[in-house]
Every structure is written in structure tokens, then in C-alpha cells.
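Handing you this structure, nothing more for now.
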Amino acid sequence: ELFRALPIPSQETEEWRYTDLSGLDLDGFAPFGSGHVADNLDGVAGEVQEAVGEVGERAGLLVQHNSETATVHLSPEDADRGVIFLGLDRALAEHADLLEKRLHRLVPAERTKFLALHAAFRTGGVFVFVPAGVRVELPLQSLTYVDSEGLAVFPHTLIVAEQGAEVTFIERFVSRPLERALSDAVTEVFVGPGARVRYVSLQDWGEGMTHLSVQRAVLDRDAELRSLAVAFGGSLSRTEVESVLSAPGGHSEMLGVYFTDGSQHFDHRSLQDHVAPHCGSEVLYKGALKGRSRAVYSGWVHVRKDAQKTNAFQTNRNIVLSDEAKADSIPNLEIEANDVRCGHAASVGPVDEDVLFYMQSRGIPADEAERLIVTGFFQEVLDRVPLREVRESLEQAIEEELERSD
């Protein structure tokens with residue numbers, strides 16, 4: 001009923017000005033697609049195993065194949081310490097007390113038509129719970145893999161880190177090229193007092209996928225969240241990443257990397273919502289564009305009237321590698337307090353011709369010179385990624401994008 005009552009987001013609003021979804025025929029999607037369920041990763045199909053990627057050592061892995069949880073594993077040591085890592089459906093049955101006050105609380109169904117759709121049809125998903133004082137040494141990872149034509153998937157990730165807990169979670173989205181598919185994803189992150197959470201989202205959908213994602217986190221006193229949003233795949237991708245600093249001492253770092261080609265359309269939006277005083281936040285998003293692609297970044301820093309002593313900064317840089325590609329960068333500040341340090345920066349431009357000429361004059365071919373410039377352009381973000389396997393996979397993905405012809 002809520003889905004039917006809410007309108008399709010309109011380009012007449014500033015929030016959806018650059019992304020048109022009016023032509024998205026939702027009636028053409030199947031809301032559920034069965035997947036192959038296995039006892040462990042060895043029983044999962046080879047192409048799904050390949051999509052997991054090289055992740056190094058890990059504390060746990062959950063694989064969702066189409067709409068079903070295919071397999072899940074958590075190290076016995078972490079399980080003995082009270083860590084919970086389960087498919088969301090099973091978690092609802094076994095740990096309802098932990099989910100009752102959190103599921104759909106940060107990202108309510110009433111927010112948009114697509115979130116109402118998500119709440120109605122959600123299947124699969126992940127629940128991560130780390131008890132107070134527990135540190136999960138190795139990363140937890142999930143993979144959502146889609147190979148069913150015309151399928152709509154609704155991944156939902158809920159992460160809860162209690163007081164003083166520490167965890168790293170890597171979320172990966174992969175599919176084979178499809179004629180038509182939809183991903184309507186939600187991630188909710190609760191970072192308790194003094195907790196430390198590192199969250200990585202790797203969007204590498206195949207051609208034909210429309211990806212709509214909302215990631216929202218709330219930070220308690222002295223909490224820290226470091227997030228990385230990566231987008232390389234899909235035909236249309238829109239990601240909203242939000243941090244709410246609700247108590248003093250919180251810090252949020254939000255990094256982003258994207259590379260578009262062909263006719264891809266990527267829309268990234270960030271929100272740094274400073275509710276409490278003595279908090280800090282930083283956004284750094286970098287993107288490269290080829291072909292006839294389009295990239296949009298819109299960032300919002302909101303410092304509320306009681307959030308004195310706030311430090312908040314926002315940076316978006318775009319490098320355009322073809323005459324037909326286009327990038328828009330719209331940073332925004334809304335400051336209601338009077339004792340803050342805030343700033344923003346944005347740029348859109350091609351490869352610097354003087355730098356390119358200088359490198360060629362030193363004997364470096366034009367293609368190689370451009371590759372080196374673009375790789376160096378992304379290095380500022382990559383240097384902040386401490387997870388070796390993630391950093392190396394990003395470097396490889398950037399190399400592949402540079403080599404791919406439009």
C-alpha cells in the first residue's frame with residue numbers, strides 16, 4: 001500500500017534532478033529468483049566462487065545467489081565470542097530481540113517508493129552483530145551474485161557493533177551481463193560508543209543492471225566509521241551514503257571510487273549529518289569517465305545548531321577521458337552552528353595537456369602517459385585503504401577500465 005501511494009522520484013526535485021527513473025518498468029521484474037544452496041563454498045558454482053574475488057584471510061563469508069542465501073560460514077573462534085554472522089531471514093527467526101529495534105529504523109520504508117518496494121520484497125540479506133568489547137581480527141565478507149534474467153533482488157545488510165567493538169565488513173555485488181535486472185539494496189550500520197567499524201561496498205554488477213542503494217550509519221559517542229563505496233558496473237547506479245554523528249567524539253570517513261564507460265550513468269550522494277558537538281567527518285570521492293558516460297556527485301554537510309566544534313570537509317574530483325563524457329559535482333554546506341571548521345572542493349576536467357606533453361617529451365607514449373596520470377589520480381584514495389586485497393583489486397579494476405575500448 002505504501003509503495004502504491006508513493007510517487008516515482010521526480011527530476012523536478014533537487015535530490016533526483018540528474019537521474020531519470022520514469023522509464024523503469026517495475027512490472028517487468030520477478031521479485032524472487034531461486035539460487036543454488038550448498039553446505040560450504042566448495043559446493044557453490046564455479047562462476048560464483050570466482051565472483052567472491054581474492055579476499056585473503058577472512059573471519060566469515062556469506063554468499064547470496066539470486067534471492068537466497070547459498071552458504072554462510074563464521075570462524076568458530078569468533079562465534080564462541082558471541083559474534084553473529086547470518087543470513088537476515090535466519091537472524092530474524094533466531095535473534096528477533098536484536099533486530100526488532102533496528103531493522104528498517106535508519107532507512108525506513110516511508111522514505112521513497114523504492115524503499116517501500118525493498119521492505120515489501122526483501123529476501124536474503126546479512127546480519128552482523130559484534131558484542132561489546134569484541135574485536136573481529138579478520139574481515140567478514142558477503143557476496144550477492146545474480147545470474148537470473150529479469151530478476152529484482154533486495155539485499156539488506158544490518159551491522160551492529162556494540163560498545164568498544166571492532167569489525168571490518170566487505171560487501172560485494174556481482175552479476176553476469178543481463179538484458180535487464182534490478183538491485184534495490186539497503187545497508188544500516190549502528191556504531192556503538194567507542195566502537196570501530198570499517199565498511200566496504202564493491203559494486204561490480206554486469207551490464208543491464210539498475211542499482212539503487214541507500215547506506216546509512218549512526219555513530220554513538222567516540223565511535224568511528226570508515227567507509228569505502230566503489231562503483232564500476234551496472235548500466236545505471238545510484239548510491240546514497242549517509243553518516244549521522246549523534247553523540248560527541250564521533251568521526252566518519254567516507255571514501256568513494258568510480259569509473260564509468262560506454263553509456264553508464266552513476267549518481268553518488270553523500271550526507272554528513274552533524275547532530276552533536278565535537279565530531280569530525282570527511283568525504284573524498286574520485287571518479288574517471290570514458291565514452292558517453294555520465295557521473296553525478298552531490299554532497300551535503302549539515303551542521304545542526306548544537307553541533308559546535310565540528311570539523312567537516314568534502315572533496316570530489318573527476319577526470320574526464322573523452323569528449324562525450326560528462327560529470328556534475330554539487331557540494332553543499334548547511335551550517336547552523338557558529339564555531340565550526342567546514343569546507344568543500346570540487347573539480348571536473350580532462351587530463352592536463354601540459355603534464356601529458358611533458359611525459360611524452362620524456363619518451364613515454366601517450367596511452368601509457370594517460371594510464372599513469374589516471375592511476376596517480378586515484379592513488380590518494382587507494383592509499384587510505386588498509387585492506388591489501390581490496391586495494392589491489394581496485395588497482396586491477398582501474399587498469400582493466402583503462403584498457404577497455406569504448
Side-chain angles (χ1 to χ4, degrees), residues 98 101-108 128-136 139-140 157-171 186-201 214-229 239-256 268-285 299-316 331-344 381 384-387:
L98 296 176
K101 296 181 180 180
R102 297 183 174 107
L103 187 62
H104 295 294
R105 301 300 182 183
L106 292 184
V107 186
V128 178
F129 176 81
V130 184
V134 172
R135 179 183 181 187
V136 182
L140 299 169
T157 298
L158 176 60
I159 302 172
V160 179
E162 291 194 320
Q163 183 170 357
E166 294 187 32
V167 66
T168 295
F169 183 72
I170 303 170
E171 187 164 35
V186 171
T187 299
E188 299 177 293
V189 185
F190 293 84
V191 190
R196 303 287 184 267
V197 173
R198 180 173 284 115
Y199 170 75
V200 179
S201 172
V214 178
Q215 304 165 12
R216 185 173 174 86
V218 61
L219 284 70
D220 211 320
R221 178 179 292 271
D222 299 323
E224 179 181 275
L225 172 68
R226 298 185 182 273
S227 67
L228 170 65
T239 302
E240 302 172 39
V241 181
E242 305 175 358
S243 290
V244 181
L245 295 116
S246 64
H251 181 79
S252 169
E253 178 188 69
M254 302 153 74
L255 305 178
H268 285 91
R269 306 183 72 86
S270 68
L271 170 65
Q272 299 151 263
D273 190 357
H274 285 262
V275 178
H278 299 281
C279 291
S281 68
E282 183 180 5
V283 166
L284 175 61
Y285 271 59
W300 199 278
V301 176
H302 187 186
V303 181
R304 300 176 185 262
K305 64 180 181 179
D306 293 329
Q308 303 290 0
K309 303 296 183 181
T310 286
N311 290 325
F313 300 93
Q314 180 188 111
T315 304
N316 174 234
N332 300 278
L333 300 177
E334 182 178 356
I335 301 173
E336 301 178 50
N338 59 12
D339 186 6
V340 302
R341 294 177 65 243
C342 296
H344 59 68
V381 179
R384 298 197 190 188
V385 180
L387 300 169

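The residues of the chain are indexed from 1 along the displayed sequence. Values below: every heavy atom of this structure, side chains too, minus hydrogens, waters and symmetry copies. This is a predicted model, so every value here is computed, not measured.
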What residues, two or more places apart in sequence or in another chain, satisfy side-chain hydrogen bond (donor to acceptor under 3.5 Å, both in side chains) together with Thr239?
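Once residues adjacent in sequence are excluded, Thr239 has no partner under the side-chain hydrogen bond (donor to acceptor under 3.5 Å, both in side chains) criterion.
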Interatomic spacing from CG in Leu333 to CZ in Phe313 - rounded to 0.5 Å:
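Answer for the CG-CZ pair, Leu333 versus Phe313, is 10.0 Å.
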I'd like to check the side chain to side chain contact (heavy atoms under 4.5 Å, CB included) partners of Asn338; sequence neighbours left out, ordered by chain and number.
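Gln308.
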Which residues satisfy the salt bridge (charged side-chain N to carboxylate O under 4.0 Å, His left out) test with Arg102, sequence neighbours excluded?
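So Arg102 forms no salt bridge (charged side-chain N to carboxylate O under 4.0 Å, His left out) with any residue.
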Please give me the minimum heavy-atom distance between Ala337 and Ala307, naming the atom from each residue.
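Nearest heavy atoms, Ala337 then Ala307: CB-O, 4.0 Å.
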How many angstroms lie between atom CG of Leu228 and atom CG of Leu284, to the nearest 0.5 angstrom?
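Here the rounded value is 10.0 Å.
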With Tyr285, which residues qualify under ring-ring contact (aromatic ring centres under 6.0 Å, His included), at least two apart?
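Counting only residues at least two positions away or on another chain, Tyr285 forms a ring-ring contact (aromatic ring centres under 6.0 Å, His included) with His268, Tyr297.
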With sequence neighbours left out, what residues match Pro131 under side chain to side chain contact (heavy atoms under 4.5 Å, CB included)?
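Listed in chain order: Val83, Phe129, Val134, Glu162.
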If you look at every heavy atom in Cys279 and Ala247, which pair is closest and at what distance?
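Smallest heavy-atom distance, with atoms named: SG-O, 3.1 Å.
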Grab the two heavy atoms, one from Leu245 and one from Gly280, that are nearest each other, plus how far apart they are.
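Distance-wise, the nearest heavy atoms are CD2-O, 3.7 Å.
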If I compare all heavy atoms of Thr310 with all of Ala276, which pair ends up nearest, and what's the gap?
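What the structure gives for the nearest pair is OG1-O, 4.3 Å.
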Might you work through the side chain to side chain contact (heavy atoms under 4.5 Å, CB included) test for Gln272 and Val283, ending with a clear yes or no?
CA-CA 8 Å; Gln272 299 151 263; Val283 166; 3.3 Å; yes
Please identify each residue that fulfils side-chain hydrogen bond (donor to acceptor under 3.5 Å, both in side chains) with Arg198, with sequence neighbours left out.
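Arg198: no side-chain hydrogen bond (donor to acceptor under 3.5 Å, both in side chains) contacts found.
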Hey, are Glu282 and His251 close enough side-chain-wise for a donor-acceptor pair under 3.5 Å?
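There is no such pair (donor and acceptor under 3.5 Å, judged by atom type) between the side chains of His251 and Glu282.
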Pair Glu171-Thr187, side-chain donor/acceptor within less than 3.5 Å:
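Present: a donor and an acceptor within the cut-off.
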For Ala161 and Ala195, work out which heavy atoms get closest and say how close.
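Looking at all heavy atoms of both residues, the shortest contact is O-CB, 3.9 Å.
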Assess the residue pair Val189 and Phe169 against the criterion (side chain to side chain contact (heavy atoms under 4.5 Å, CB included)); give the C-alpha distance rounded to whole Å, side-chain angles, the decisive distance to 0.1 Å, and a yes or no.
CA-CA 11 Å; Val189 185; Phe169 183 72; over 6 Å; no
Side chain to side chain contact (heavy atoms under 4.5 Å, CB included) involving Arg196 - partner list, sequence neighbours excluded
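Applying side chain to side chain contact (heavy atoms under 4.5 Å, CB included) to Arg196 gives Glu166, Glu224.
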For Glu188, enumerate each residue passing the side-chain hydrogen bond (donor to acceptor under 3.5 Å, both in side chains) test, keeping only those at least two apart in sequence or located in another chain.
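For Glu188 the side-chain hydrogen bond (donor to acceptor under 3.5 Å, both in side chains) partners, ignoring immediate neighbours, are His156.
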Can you list everything that forms a side-chain hydrogen bond (donor to acceptor under 3.5 Å, both in side chains) with Thr168? Sequence neighbours excluded, please.
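Residues passing side-chain hydrogen bond (donor to acceptor under 3.5 Å, both in side chains) with Thr168: none at all.
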Can you give the donor-acceptor pairs under 3.5 Å from side chains of residues 215-222 to other protein atoms, not counting sequence neighbours?
from, atom 1, to, atom 2, distance (Å)
Gln215, NE2, Ser201, OG, 3.4
Arg216, NE, Leu106, O, 3.2
Arg216, NH1, Glu242, OE1, 2.4

By the definition side chain to side chain donor-acceptor pair (under 3.5 Å), identify the one residue from Ser252, Ser270, Ser227 that meets it with Ser243.
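Of the listed options, the one satisfying the test is Ser252.
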List the atom of Arg105, the atom of Lys101, and the distance in Å for their closest heavy-atom pair.
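Scanning both residues, the minimum pair turns out to be CG-O, 3.0 Å.
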Quick one: do Asp273 and Trp300 satisfy side chain to side chain contact (heavy atoms under 4.5 Å, CB included)? Show the steps, please.
CA-CA 8 Å; Asp273 190 357; Trp300 199 278; over 6 Å; no
Hey, which of Gln314, His274, Met254 is the one that makes side-chain contact (heavy atoms from CB on, under 4.5 Å) with Ser281?
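Only one of Gln314, His274, Met254 forms a side-chain contact (heavy atoms from CB on, under 4.5 Å) with Ser281, namely His274.
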Hey, could you give me the CD/NE2 distance between Glu334 and His302, rounded to the nearest 0.5 Å?
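The distance works out to 4.0 Å.
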Restricting to side chain to side chain contact (heavy atoms under 4.5 Å, CB included), what partner residues turn up for Asp306, sequence neighbours left out?
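Side chain to side chain contact (heavy atoms under 4.5 Å, CB included) check on Asp306 returns nothing, list empty.
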Would you call Arg226 and Glu253 a salt bridge, using N to O less than 4.0 angstrom?
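Salt bridge between Arg226 and Glu253, a charged N being under 4.0 Å from a carboxylate O: yes.
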